[in-house]
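Remarks on the structure that follows.
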Amino acid sequence: MALKKEELLEAYRRMRTIREFEENIHRENTTGEIPGFLHLYCGQEANAVAVCMQLDDTDYIASNHRGHGHCLAKGADVKGMMLELYGKEDGLCHGRGGSMHIADVSRGILGANGIVGAGAPLATGAALTAKTLGTGGVAVSFQGDGASNEGYVFEAINMAVMWQLPMIFYFENNGYGEFTGHDYVVGSKDIAGRAAAFGLPAVRVDGTDFFEVYEAFGEALKRARAGKGPSVIEAQAVRFYGHFEGDPQAYRSTEELESVREHKDCLKILRQKLIKGKKATTAELDTIDQEAVELINACREAAKAAAFPDPATLMNNTYVSY
Amino acid sequence: MALKKEELLEAYRRMRTIREFEENIHRENTTGEIPGFLHLYCGQEANAVAVCMQLDDTDYIASNHRGHGHCLAKGADVKGMMLELYGKEDGLCHGRGGSMHIADVSRGILGANGIVGAGAPLATGAALTAKTLGTGGVAVSFQGDGASNEGYVFEAINMAVMWQLPMIFYFENNGYGEFTGHDYVVGSKDIAGRAAAFGLPAVRVDGTDFFEVYEAFGEALKRARAGKGPSVIEAQAVRFYGHFEGDPQAYRSTEELESVREHKDCLKILRQKLIKGKKATTAELDTIDQEAVELINACREAAKAAAFPDPATLMNNTYVSY
Amino acid sequence: MAEMAMRAAINSALVQEMTRDDRVILIGTDIAGGQMGSGGQEDAAGGVLGITKGLLPRFGAARVIDTPIAEMGYMGVAVGAAATGLRPVAELMFMDFIGCCGDMLLNQAAKIRYMFGGKSTCPLVMRTMIGAGANAAAQHSQSLYHWMTAVPGLKVVVPSNAYDAKGLLATAIRDDDPVIFCEHKALYDLPSAKVEVPEDDYTIPFGEANYVTEGSDVTVVALGLMTHIAAGVAAAMAGKGISVEVIDPRTTSPLDEESILESVESTGRLVVVDESAARCGFGHDVVALVADKAFHSLKAPVKLVTPPHCPTPFSPPLEQAWIPSGERVARAILETLGLDRAAIDAALAAA
Amino acid sequence: MAEMAMRAAINSALVQEMTRDDRVILIGTDIAGGQMGSGGQEDAAGGVLGITKGLLPRFGAARVIDTPIAEMGYMGVAVGAAATGLRPVAELMFMDFIGCCGDMLLNQAAKIRYMFGGKSTCPLVMRTMIGAGANAAAQHSQSLYHWMTAVPGLKVVVPSNAYDAKGLLATAIRDDDPVIFCEHKALYDLPSAKVEVPEDDYTIPFGEANYVTEGSDVTVVALGLMTHIAAGVAAAMAGKGISVEVIDPRTTSPLDEESILESVESTGRLVVVDESAARCGFGHDVVALVADKAFHSLKAPVKLVTPPHCPTPFSPPLEQAWIPSGERVARAILETLGLDRAAIDAALAAA
Ligand SMILES: Cc1ncc(C[n+]2csc(CCOP(=O)(O)OP(=O)(O)O)c2C)c(N)n1
Ligand SMILES: Cc1ncc(C[n+]2csc(CCOP(=O)(O)OP(=O)(O)O)c2C)c(N)n1
Ligand SMILES: [Mg+2]
Ligand SMILES: [Mg+2]
């Protein structure tokens with residue numbers, strides 16, 4: 001794998017944009033202007049970006065409740081995303097879906113999902129479409145360690161194996177499902193190992209290392225595109241904030257909370273590697289940082305100023321026709 | 001394992017009784033007197049018997065749609081079973097359940113089940129009761145190869161591991177789920193291996209060999225009783241008849257159909273071993289055979305003669321109180 | 001035009017639509033059967049009741065897909081496939097199994113279009129078997145279309161004969177919304193459901209009721225198998241000078257409210273016969289419609305004939321008592337006509 | 001006797017019943033929280049909304065059991081445990097997730113007693129969160145108690161205030177049948193649901209409605225959060241000389257049919273306010289009851305106020321338009337009183 005400089009800068013830009021998007025939501029949430037439940041992706045950006053930047057619009061992803069990062073990485077419009085989170089008419093889903101259902105099927109995004117693990121069978125369906133219609137596309141489902149215990153996730157893995165679908169199950173193991181540790185709910189304490197027994201390659205990667213994810217996913221993608229069937233990737237990831245905004249995280253020690261930003265920040269790690277490897281200068285990266293801040297600020301202001309949907313349109317789009 | 005002679009004869013008797021029960025149903029089904037769907041256990045008797053004869057009334061089993069053998073092996077009243085299958089008021093479930101829901105909770109039988117795989121979580125619940133109340137009991141779920149793909153079966157296995165419950169998942173792999181081969185639907189083609197990755201001992205045994213099942217289950221039972229947690233057993237079993245009565249089995253070659261009775265009849269195999277090992281004489285076994293025939297004939301005649309439930313009692317027992 | 005049983009009509013609609021549109025695929029447990037058997041026949045079954053027989057050899061394994069027994073998983077695959085360019089017809093063997101895959105209908109198929117702001121479609125058809133009468137007991141006899149009718153975003157079809165089944169299934173497959181297609185197992189071979197069915201391609205629009213019989217004294221709304229029971233009662237009543245109009249809505253969602261209201265406005269009396277549920281069922285929905293919108297036309301209490309509020313029993317005499325009977329329907333009709341119990345007993349005894 | 005919010009009342013019922021009976025256990029995802037976190041607090045959460053907080057330290061991990069996210073599995077475990085000697089209170093975090101565990105309720109818990117010929121019991125309580133108003137969008141806002149009410153073998157409770165919640169939950173836990181206990185998330189802290197709650201042990205029988213207000217002109221049947229909206233309208237109407245009787249059935253199964261019928265017999269008018277569904281919901285069930293059994297008392301069309309037939313939207317102004325509003329209830333009441341649209345507009349404008 002030899003990523004070009006532009007690619008590396010683009011990766012950094014996407015991760016930085018997601019980070020800024022989420023930090024902004026975190027700050028703005030206290031204003032009460034953002035409705036509903038919010039699950040932030042801060043800390044896990046390397047995963048979404050290293051995966052999605054290898055995909056194109058014929059490829060599909062299915063995301064979960066913690067979906068902002070996946071959608072942004074896959075190319076959803078940043079402003080449309082922000083407006084959606086504020087419940088505005090010009091949001092990506094016209095304010096109907098919000099954070100937990102944000103989607104853009106035209107960009108191959110089958111949506112965030114409020115049902116833990118549901119994305120696995122849905123994405124497997126997209127992989128079936130790709131195989132049946134010969135589109136050359138692949139499908140990826142993003143789910144957490146908690147989701148790894150949902151039976152239908154195993155069902156989807158089994159079918160992907162049976163039918164040798166172009167499908168990749170990407171588990172972001174951030175150590176917690178809501179407030180409960182991975183080691184408590186995964187009896188075997190080994191998500192990748194459990195999956196491997198279904199008959200497909202399953203690897204574990206460091207989800208704070210953009211390059212490690214990029215490489216492992218690249219391998220899986222190559223197999224999928226070549227018709228060699230599905231794969232599983234389990235990434236050790238890190239969640240900076242609580243399960244949802246407002247979660248006091250009484251189950252995490254202060255040491256853990258302090259150390260993750262210090263030692264396990266995928267963005268900081270990428271930045272250091274880029275500079276150390278002479279792939280980018282501090283100035284170049286600072287510029288990207290600055291641009292991300294400006295972009296998100298502009299989106300936020302646009303979102304605040306935008307109009308809510310008209311209640312007269314409440315029932316629109318329940319059906320195509322009825 | 002040194003089974004006493006009486007125990008061996010009792011095992012043979014139970015297997016023979018199940019066989020006779022099922023063959024009788026098979027013959028009688030053509031008369032049209034037996035209502036509903038029927039899934040026969042013929043060929044798999046060694047499994048139910050070698051498992052259940054090691055259990056007592058504080059232990060629970062959960063069965064599946066192919067449940068007659070499990071229930072009879074666990075001590076359900078033979079006549080009550082037969083009457084139930086005929087839909088009679090004095091049947092084990094007063095004619096409300098029939099073949100697919102036959103049960104006797106007082107004997108630790110949580111019922112046959114029309115929902116493939118449902119018995120696994122239900123039995124895991126019984127194991128939780130045993131552990132919580134300290135009854136010393138264990139729980140066993142019987143399910144097929146087809147059921148091994150239902151997600152909630154995996155969920156149950158994971159919980160049994162997490163909580164180290166006195167639970168044994170017994171998979172009877174008879175090669176088919178309905179009309180579809182095990183190798184098609186189990187992507188890894190390995191039920192025990194897939195289960196082992198959940199973090200519990202999982203072995204494969206020859207389900208036509210009473211002794212092999214007895215021993216493997218005995219080991220698992222010992223662990224469960226000692227508080228050492230759950231196990232999985234996958235038994236290679238053989239289904240003599242179609243999936244249900246009336247299935248023409250177009251998916252099985254005539255060679256297979258012919259050879260199973262010849263070479264894979266667990267009852268024949270046990271009989272030969274008993275005689276060869278000088279555990280029983282031909283005469284003794286013939287007597288048991290004869291007694292089984294007489295018992296089943298008597299039950300059948302009783303069932304035919306028995307009264308149907310009174311339609312005025314239709315709604316009884318929907319609730320304890322309402 | 002030949003007579004066809006409903007079983008054949010459904011198969012024929014599938015052949016027609018799969019021929020017409022390559023994106024139509026079938027997916028379900030044993031819908032072909034025989035995969036990796038011991039060298040016997042593939043397409044060994046065509047579903048447990050043989051409805052999809054012959055489709056595997058005709059359309060190939062890429063379009064007739066046998067699944068593991070994993071309802072939530074394969075229904076999710078069907079929904080995901082529908083959202084990305086295929087038009088899957090997924091079979092849920094018995095509607096009773098909806099609790100094993102419900103989320104994929106309730107929260108995914110039904111809602112993705114709405115939640116995504118109208119930017120996607122989910123052209124999924126779920127075919128499923130409903131109904132009592134086969135001594136299949138409590139877990140294989142339910143008619144849970146009321147559950148699905150209650151879900152915004154789903155359309156629900158309950159055909160009552162071969163002609164309707166073929167035309168409505170074709171419509172369902174061409175529809176861009178998710179459709180739940182409920183087949184009563186007693187109708188597959190029922191002689192009165194065997195009617196003339198065009199070989200040609202035709203569709204029947206959703207939301208248009210069928211007048212099974214026309215009449216002026218009482219309106220009876222009935223679906224699926226119940227239309228046959230209602231029609232039998234209507235014929236018997238006609239002999240006694242009572243004119244019964246039997247309306248079969250054919251689809252519960254959308255519902256042809258107009259035809260029902262119009263009929264009640266002219267008869268002033270309503271009996272609903274519904275196998276779904278004794279509580280919160282489809283029948284209650286029809287009654288509520290009428291009790292609001294046609295209230296002033298009503299001359300008598302509205303009667304609802306459903307199974308009792310208990311699971312479907314196994315034993316044949318119990319099951320027969322459970323299923324709404326012609327006698328109960330007749331009794332309800334006579335009640336709406338103001339007869340008292342003694343008069344009703346006498347009228348029925350005379351029949 | 002102190003005032004308690006519904007959140008505390010539910011917690012208090014659980015403490016009371018777990019103290020009273022060792023066989024009562026709790027099971028659900030994160031009902032304690034903190035298991036194998038990084039050295040922080042166990043009992044970190046007490047459920048996503050803190051309802052079960054404090055129970056783990058009090059009763060121990062053998063009786064307050066956090067589960068994996070595996071609804072079908074752990075609900076099945078709860079059913080199996082209930083059939084073998086425990087009395088589990090299983091939490092389904094949001095009722096919207098019923099499609100992930102439905103079979104264990106529909107086909108197992110509800111039916112085992114019947115199918116087994118009355119030879120077993122299933123003393124399970126499933127506590128679950130319902131309701132819109134939290135901008136939680138389409139998959140976290142549903143009130144699917146109509147689905148459960150339709151299932152024979154299940155009992156269904158929808159409390160509307162702290163007093164009822166505690167008493168009904170105690171009853172549910174002592175009941176030998178499976179009970180679905182539906183908690184509207186907006187009620188946990190709603191001031192009008194915060195009422196005096198005895199410290200002492202008490203129970204409220206199932207199937208006995210509560211008269212929220214007494215009145216003589218119109219009967220309003222409302223459940224859960226809707227009773228508060230209805231009560232608000234009743235108070236406003238009282239100021240205009242319209243006497244509204246608001247009845248809260250408290251349990252939908254069994255249903256206190258008598259109280260509803262008696263009330264309609266005296267008022268002659270009925271409005272049902274129900275958050276469950278625009279089609280085949282609980283409201284339709286109540287209407288159908290009255291349209292049969294109290295038909296001759298009815299003086300006006302029966303009005304049903306529900307959300308529209310579309311998923312719950314995310315955006316606040318849309319969601320507010322989706323939830324049955326006081327204005328819509330008032331309008332329905334005035335319609336049953338025979339006012340035409342102009343008169344209703346005028347009356348509401350005056351308010
Ligand atoms: C079927 C279902 N069960 C439970 C929930 C509630 N819930 C939402 S997120 C979550 C935890 C998910 O954990 P994990 O998969 O590890 O993802 P993470 O939040 O860590 O990204 C739970 C239990 C849900 N939304 N859907
Ligand atoms: C949830 C569910 N899905 C499908 C069915 C239909 N069905 C009944 S038995 C069966 C096959 C089961 O195969 P297996 O588990 O191997 O058991 P076997 O019949 O071979 O004993 C199927 C698909 C069902 N009853 N329940
Ligand atoms: Mg996690
Ligand atoms: Mg099998």
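Every chain is numbered from 1 and lettered A, B, ... according to where its sequence line falls, protein lines coming before strand lines. None of the values given here were measured: they were computed from a predicted structure.
- Heavy atoms of other residues, nucleotides or ligands lying less than 6.0 angstrom from CZ of R27(A) number more than 12.
- Between atom OG1 of residue T312(D) and atom CZ of residue R96(A) there is a gap of 13.0 Å, rounded to the nearest 0.5 Å.
- Between the side chain of Y184(A) and the backbone N or O of D66(D), at least one donor-acceptor pair lies under 3.5 Å.
- Among residues two or more places apart in sequence or in another chain, the side-chain hydrogen bond (donor to acceptor under 3.5 Å, both in side chains) test is passed with R252(A) by Q249(A), E256(A).
- Per-residue counts of heavy-atom pairs under 4.5 Å with chain A were compared for P311(D), A70(D), G39(D), G33(D); the largest is that of A70(D).
- Between the CD atom in E42(D) and the OG1 atom in T180(A) there is a gap of 9.5 Å [rounded to 0.5 Å].
- Within residues 306-322 of chain A, the residues that have a heavy atom under 4.5 Å from a heavy atom of chain D are F308(A), P309(A), D310(A), P311(A), T313(A), L314(A), M315(A), T318(A), Y319(A), Y322(A), listed by number.
- Residues of residues 141-148 of chain A that come within less than 4.5 angstrom of chain D, heavy atom to heavy atom, are G146(A), A147(A) in numerical order.
- For E319(D), no part lies under 4.5 angstrom from a heavy atom of chain A.
- Rounded to the nearest 0.5 angstrom, H182(A) NE2 and M36(D) CE are separated by 11.0 Å.
- Looking only at heavy-atom pairs under 4.5 Å with chain D, the residue among A250(A), G91(A), G175(A) that has the most is A250(A).
- Within the 3.5 Å criterion, the main-chain N or O of G40(D) finds no donor-acceptor partner in the side chain of S253(A).
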Should M93(D) and E178(A) be marked as a side chain to side chain contact (heavy atoms under 4.5 Å, CB included) after you check the CA-CA gap, both sets of side-chain angles, and the distance that decides it?
-> CA-CA 12 Å; M93(D) 201 180 285; E178(A) 290 193 347; 3.3 Å; yes
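- With a 4.5 Å cut-off on side-chain heavy atoms, S38(D) and Y176(A) count as touching.
- The minimum heavy-atom distance linking D30(D) with G177(A) is given by the pair OD2-O, 3.6 Å.
- Within a 6.0 Å radius of CG in D206(A), other residues, nucleotides and ligands contribute more than 12 heavy atoms.
- Between the SG atom in C93(A) and the CZ atom in F314(D) there is a gap of 10.0 Å [rounded to 0.5 Å].
- Interface summary for chain D: among I115(A), D247(A), V153(A), the most heavy-atom pairs under 4.5 angstrom belong to I115(A).
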Stepwise side chain to side chain contact (heavy atoms under 4.5 Å, CB included) check, H101(A) with Q139(D) = CA-CA 9 Å; H101(A) 307 298; Q139(D) 294 174 343; 2.8 Å; yes
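- Neither the backbone nor the side chain of L38(A) comes within contact range of chain D; no heavy atom of the residue lies under 4.5 Å from a heavy atom of that chain.
- Within residues 96-109 of chain D, the residues having any heavy atom under 4.5 Å from a heavy atom of chain A are, by residue number, F97(D), C100(D).
- From T29(D), atom OG1 reaches atom CZ of F179(A) across 10.5 Å, with rounding to the nearest 0.5 Å.
- Note that the OG atom of S315(D) and the NZ atom of K88(A) stand 8.0 Å from one another [nearest 0.5 Å].
- Crowding of K53(D) atom NZ: a count of heavy atoms from other residues, nucleotides or ligands under 6.0 Å exceeding 12.
- Across all their heavy atoms, G97(A) and A137(D) have their closest contact at O-CB, 3.6 Å.
- Closest heavy-atom contact between A136(D) and F37(A): CB-CE1, 3.8 Å.
- The local environment of NZ in K264(A) is sparse, with at most 12 non-hydrogen atoms from other residues, nucleotides or ligands closer than 6.0 Å.
- Interface check for chain D: of the options G151(A), G87(A), P35(A), the most heavy-atom pairs under 4.5 Å are formed by P35(A).
- Between E150(A) and E71(D) the shortest side-chain heavy-atom distance falls below 4.5 Å.
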